[in-house]
Amino acid sequence: MTDQTATDTAADANELAKAFDPAATEPRWARRWFEEPFRADATSARPPFTIVIPPPNVTGSLHLGHALDNTLIDTLIRYKRMAGFEALYLPGMDHAGISTQVVVEKQLRAEGVSRHDLGREAFLEKVWSWKAESGGAILEQLRRLGVSADWTRERFTMDEGLSRAVRHQFVRLYHEGLAYRGERIVNWDVEAQTTLSELEIDREVRKGKMSTLSYKLEDAQAAASNGGAGEILIATVRPETIFADQAIAVHPEDERFAHLIGQRARIPLTDRFIPVIADVAVERDFGVGALKITPAHDPTDFEIGERHNLARPSVIDLNGKLTSDLVPDAFRGLERFAARKAVVAALIESGDLIEEKDHDTAIGLSERTKVPVEPIVSLQWFVNVGPMAAQVLEGLDKGELRITPERYTKVNRDWLENIRDWNISRQLWWGHQIPAWYDGDGHIYVPSAENPDLDCDKDPQYAHLSLRRDPDVFDTWFSSNLWPFSTLGWPDESSEDLLKFYPTQVLVTGYDILFFWVARMQMAAYHLTNRAPFETVMLHGLYLDAKGQKMSKSKGNGIDPLELFGEYGVDASRFAFAFLSTGGQDIKHDPRRFEQGRNFANKLWNAARFVRMRLSEVAPDLDPADPLSAYIQAAAEMPQGASPRSRDLLSHLVADKSKLTLADRWIISRLNAVTAEVTGHLDAYDLGAAIRAIYAFTWDEYCDWYLEAAKPAMSAANTGTLATLKLVLEHILKLLHPFMPFITSELYEALGHRRQLAVHAWPEVNVALHDQEASEAFTRLRAAVSAARSVKNELGLSPQDRLSVQVDGEAAELVRANARVVEGVARVTLVDSLEGRTLSAVDAGVIVRAAIEGTVDIADWLGKQRKRLLELGKQIAQAQGKLSSENFVARAPAEVIEEEKRRVEDFGAQKTRLEEVLGQFE
RNA sequence: GGGCGGUUAGCUCAGUGGUAGAGCAUUCGCUUCACACGCGAGAGGUCGUAGGUUCAAGUCCUAUACCGCCCA
């Protein structure tokens, strides 16, 4: 379809639009890259370069963080594809268990329905239809972003293949003894009705109360030993849980309480007595120094309870309500926070509340529902991740995996070193149902290692049993941790894709999911595939709002990427993302960066438009037999062999410099240097530096200087200049393509190419293109032009006014030899001599003079020159100071010393001339 | 409590040892035949503070202040 599509384009219109219009260009390419995806070939001989997308959650649509992620990924992928790699950008999405279920439940609630009203099957149907909707929106956004993903390989974490991978992971971990079922204290989300892992909880400090309660000692003797006080005071922030108290704990070395250890005290509002125990976990400085131990409702208490063999009755149910026979009737059935108030009131009434004071309490909130989590004791599935973490740490030691910015390696390590068992079961419906079955006696049945795919209730060996499958599903990260290899065919280890594209080269993601996702992928990959899942982890910063705050739905400060795309264009947005991404720093939103991208796109568009116009004007006068002319004329890409390839053309051009002007030689030399620079930055994954280099070269050098300098030579007689114009522009398009794929593809086509730019080769660096002489000479010409412009400005002339100037200095001869360029660009006329008083501008190697006519106010000019003189004096003194220091001369490298000497000379010469110029006004 | 990042021009940010940069804003002048989403000429920083290392420090080290983030 390539050729057919190409017909309906700007390439065939006679002229490009005056301004770049993203809306007129982007949809066509976006559609093309989606409909004809960049397929990666597992059988190719090219070296692989793989990046798997951090799969977006199907909870809605993409935010700016995703747009940033995918821009960076696509830029690297497009670069590597051009550079000769078998580049695979593997797209897909995450079912995002709890997040998605919460979203759909919220929708249902708005309709007055609960998931239980629907039942599991009907509810899942709802979620799948939401997945289709959300997934479609995400896909559309990625499509608009122009990512060159291999859409034939799109994956979803609940695909058949990926679900199979999850099951294999679990079965294997179970038989290795790493996955187990046990009763532990877990974090319960009373709204979502599921457990949560540590990572799914946000800590927040809230204002609360700390209550000091009186627990009456059981016998009089104890009371006596307590200085007559018949009580022990404890501090708590959760008085409503006292009914589940199992002990009072004090620090073993706390003299205040030593005599009470072993005594018993009564729980207020009840008739039950609990022992006073000693445990080192008690903080002596907290409250009054004694704690009530409630194993079922606090993680620390749970641990203390385990050490002392305490029972762990629960008094709060899964809905967060007080329950159990232990709770007095008055409070039974109350919601936990209401219960707290009621219990406090009762304690005041009974006189057991000694004190209540303000206290900042750290509480855990469910990341998804924002509800305070309730620690509860429950039978759940866990993974002992210690051994897996150890494998990753070993790999990090061996340097098998690089993280950039490097500082995150330590963060990664610290987390792995202090890792705790991972609760992987969730009481949700949306997700991978756990492949574990139970019989009536509570025995566990898990598929065999030999045949993990066979359900236990279909396994003939268990036919005599009545098995019930665990209704729970896995934590969503228990599937996304397999993403880099499950998407490539694992557990089928002979999968062609897996063999070719795994391990992947880079993982690009925000540092905020280093623990959630990156570390878990590391562990799964090392354990299940015996290797690191990626060579490099490239972490970028978070995309913050203009005030520097995290964007969030609740704050309503989010910015929709589509709005930015609409306002500035996708290329401009991608430019901004690349430009802003430096060193993993957080990114504060700044519309000015998007404007810069838009302006840059327009600048490039107009440069191309200009070049194209000039070339088509002269094309009829050219001889098609000449290869350069043929290249210039080409309205369509020449058939293979008829036209030299562009890099050969460049070599051809510089081989015969007679056809080139100084400006041509200079820009080709600069192009080569910039190509080397950009390539180096891209290889180092420093996209910000790369785009900056391209931007500066395109705007400041190609447009501002080269195009202006080339204007006088744009005639049919100068095939060298015409070819240089086109060649350098095409190279710019190639260098820029990974960053701004739409406009570059469009312009490349408009310059007569049929094959889309994305599949062309990356420009090579060629030392033969370096031209020191031209670089130095053109720098002098630039100085002459700038000086001439400065003089015109001082004289208050309009740019179009012609001014006669006289040029002196070392570079005078060079300037005269290139008079046409200097006269054209600066709009001056070079003359040999001038009458009367003159006003001058001095720059490196040149002094440009113009006659002062009439009543020009030169006070301003004189002031500037004097200031300049002072500056020069300072610079010279500084350089001379260094040169006269024995230490400097003895220790500094020779080239640095040479540089300082050169400065003294250069500045000295300028100073002399300035003094001379000013002398005539003394 | 532990760890990390930031502090550079009015604003937002680049810049890891050798003459301080960009975009925007600002001053002056321009409908110069690619571009006013533009062109030219300017102005504007003792690089948070205090020490130190070095021939040489925005850049390396130490301390410190303030802002932000992560973990407990």
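Proteins come first, then strands; the chains are lettered A, B, ... in the order of their sequence lines, and each starts at number 1.
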**Student:** What distance do R612(A) atom CZ and L747(A) atom CG have between them, rounded to the nearest 0.5 Å?
**Tutor:**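 Reported to 0.5 Å precision, the distance equals 9.5 Å.
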
**Student:** Would you check if R902(A) and F907(A) make a side-chain contact, meaning some heavy-atom pair closer than 4.5 Å?
**Tutor:**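 Heavy-atom side-chain distance check fails, nothing below 4.5 Å.
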
**Student:** Could you state the CD1-P distance from I587(A) to G5(B), rounded to the nearest angstrom?
**Tutor:**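 Distance, rounded to whole Å: 18 Å.
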
**Student:** Give a yes/no answer on whether the side chain of K588(A) brings an N or O atom under 4.0 Å of OP1 or OP2 in G5(B).
**Tutor:**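 No, outside the criterion.
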
**Student:** In this structure, how many angstroms lie between the P atom of U32(B) and the NZ atom of K711(A), rounded?
**Tutor:**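 One finds 11 Å between P of U32(B) and NZ of K711(A), rounded.
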
**Student:** Is R670(A) positioned over the aromatic face of W699(A), cation under 6.0 angstrom from the ring centre and no more than 45 degrees off axis?
**Tutor:**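 Negative - R670(A) is either too far from the ring of W699(A) or too far off its axis.
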
**Student:** Is there a side-chain polar atom (N or O) of W699(A) under 4.0 Å from OP1 or OP2 of A34(B)?
**Tutor:**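 For A34(B), neither OP1 nor OP2 has a side-chain N or O of W699(A) closer than 4.0 Å.
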
**Student:** Taking the minimum atom-to-atom distance to the side chain of N887(A), which one of C37(B), C55(B), A43(B) wins?
**Tutor:**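 Ranking C37(B), C55(B), A43(B) by closest atom to the N887(A) side chain puts C55(B) first.
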
**Student:** Starting at atom CD of E708(A), determine the distance to atom P of C35(B), rounded to an integer number of angstrom.
**Tutor:**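 Rounding to the nearest Å, CD of E708(A) and P of C35(B) are 11 Å apart.
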
**Student:** Could you check whether any side-chain heavy atom of Q875(A) comes within less than 4.5 Å of a side-chain heavy atom of R903(A), counting everything from C-beta outward?
**Tutor:**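 They are in side-chain contact.
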
**Student:** With no hydrogens and no angle check, do the side chains of D664(A) and Y706(A) hold a donor and an acceptor under 3.5 Å apart?
**Tutor:**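 Yes - a donor-acceptor pair under 3.5 Å links their side chains.
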
**Student:** For the residue pair Q596(A) / R593(A), report whether a side-chain donor-acceptor contact shorter than 3.5 Å exists.
**Tutor:**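 R593(A) vs Q596(A): donor-acceptor pair found between side chains.
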
**Student:** Taking only N and O in the side chain of K603(A), is any of them less than 4.0 Å away from OP1 or OP2 of A36(B)?
**Tutor:**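 Answer no for this pair, as no side-chain N or O of K603(A) is under 4.0 Å from OP1 or OP2.
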
**Student:** Base, backbone or nothing for each nucleotide of nucleotides 14-31 of chain B, written B, S, -, heavy atoms under 4.0 angstrom, 5' to 3'?
**Tutor:** S---BB---BB-----SS

**Student:** Whole angstrom is fine here: how far is it from CG in D704(A) over to C1' in A34(B)?
**Tutor:**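 Result: 12 Å.
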
**Student:** If you measure only the distance, is there a donor-acceptor pair under 3.5 Å linking the side chains of H540(A) and Y511(A)?
**Tutor:**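 Distance-only check fails for H540(A) and Y511(A).
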
**Student:** Counting only non-hydrogen atoms, which of residues 563-573 of chain A are less than 4.0 Å from RNA chain B?
**Tutor:**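 Nothing qualifies; none.
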
**Student:** Please work out if R598(A) contacts a base, only the sugar-phosphate, or nothing of the nucleic acid, heavy-atom cut-off 4.0 Å.
**Tutor:**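 Base contact.
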
**Student:** Once pairs are restricted to Watson-Crick or G-U wobble with both distances under 3.5 Å, how does RNA chain B read as a dot-bracket string, [ ] for crossings and | for other-strand pairs?
**Tutor:** ((((((((.[[[[.)..(..]]]].(((((.......))))).....[[[[[..)....]]]]]))))))).

**Student:** CG of L539(A) versus P of C69(B): gap in Å, rounded?
**Tutor:**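 That distance rounds to 19 Å.
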
**Student:** For this output row, return yes or no: ring centroids of F739(A) and F575(A) closer than 6.0 angstrom.
**Tutor:**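 Centroid separation for F739(A) and F575(A): 6.0 Å or greater.
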
**Student:** From CG of D512(A) over to P of C71(B), roughly how many Å is that when rounded to an integer?
**Tutor:**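 Going from D512(A) (CG) to C71(B) (P), I get 11 Å.
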
**Student:** Find the distance Y408(A):OH to G3(B):P and express it as a whole number of Å.
**Tutor:**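 In whole Å, G3(B) P and Y408(A) OH are 17 Å from each other.
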
**Student:** Output yes when at least one side-chain N/O atom of S786(A) is less than 4.0 Å from OP1 or OP2 of A41(B), else no.
**Tutor:**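 Yes, S786(A) has a side-chain N/O under 4.0 Å of OP1/OP2 on A41(B).
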
**Student:** If I take atom CH2 in residue W705(A) and atom P in nucleotide U32(B), what distance separates them, rounded to the nearest angstrom?
**Tutor:**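 Value for this atom pair: 19 Å.
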
**Student:** What are the two closest non-hydrogen atoms of E677(A) and A693(A), and how far apart are they?
**Tutor:**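 For E677(A) and A693(A), the tightest heavy-atom pair comes out as OE2-CB, 3.6 Å.
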
**Student:** Quick one: is K550(A) getting a side-chain N or O under 4.0 Å of the C70(B) phosphate, OP1 or OP2?
**Tutor:**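 Yes, K550(A) has a side-chain N/O under 4.0 Å of OP1/OP2 on C70(B).
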
**Student:** For K18(A), answer base if it contacts any base atom (sugar-phosphate contacts may also be present), sugar-phosphate if it contacts only those atoms, and nothing otherwise; contact means non-hydrogen atoms under 4.0 Å.
**Tutor:**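 Here K18(A) touches the backbone only, sparing every base.
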
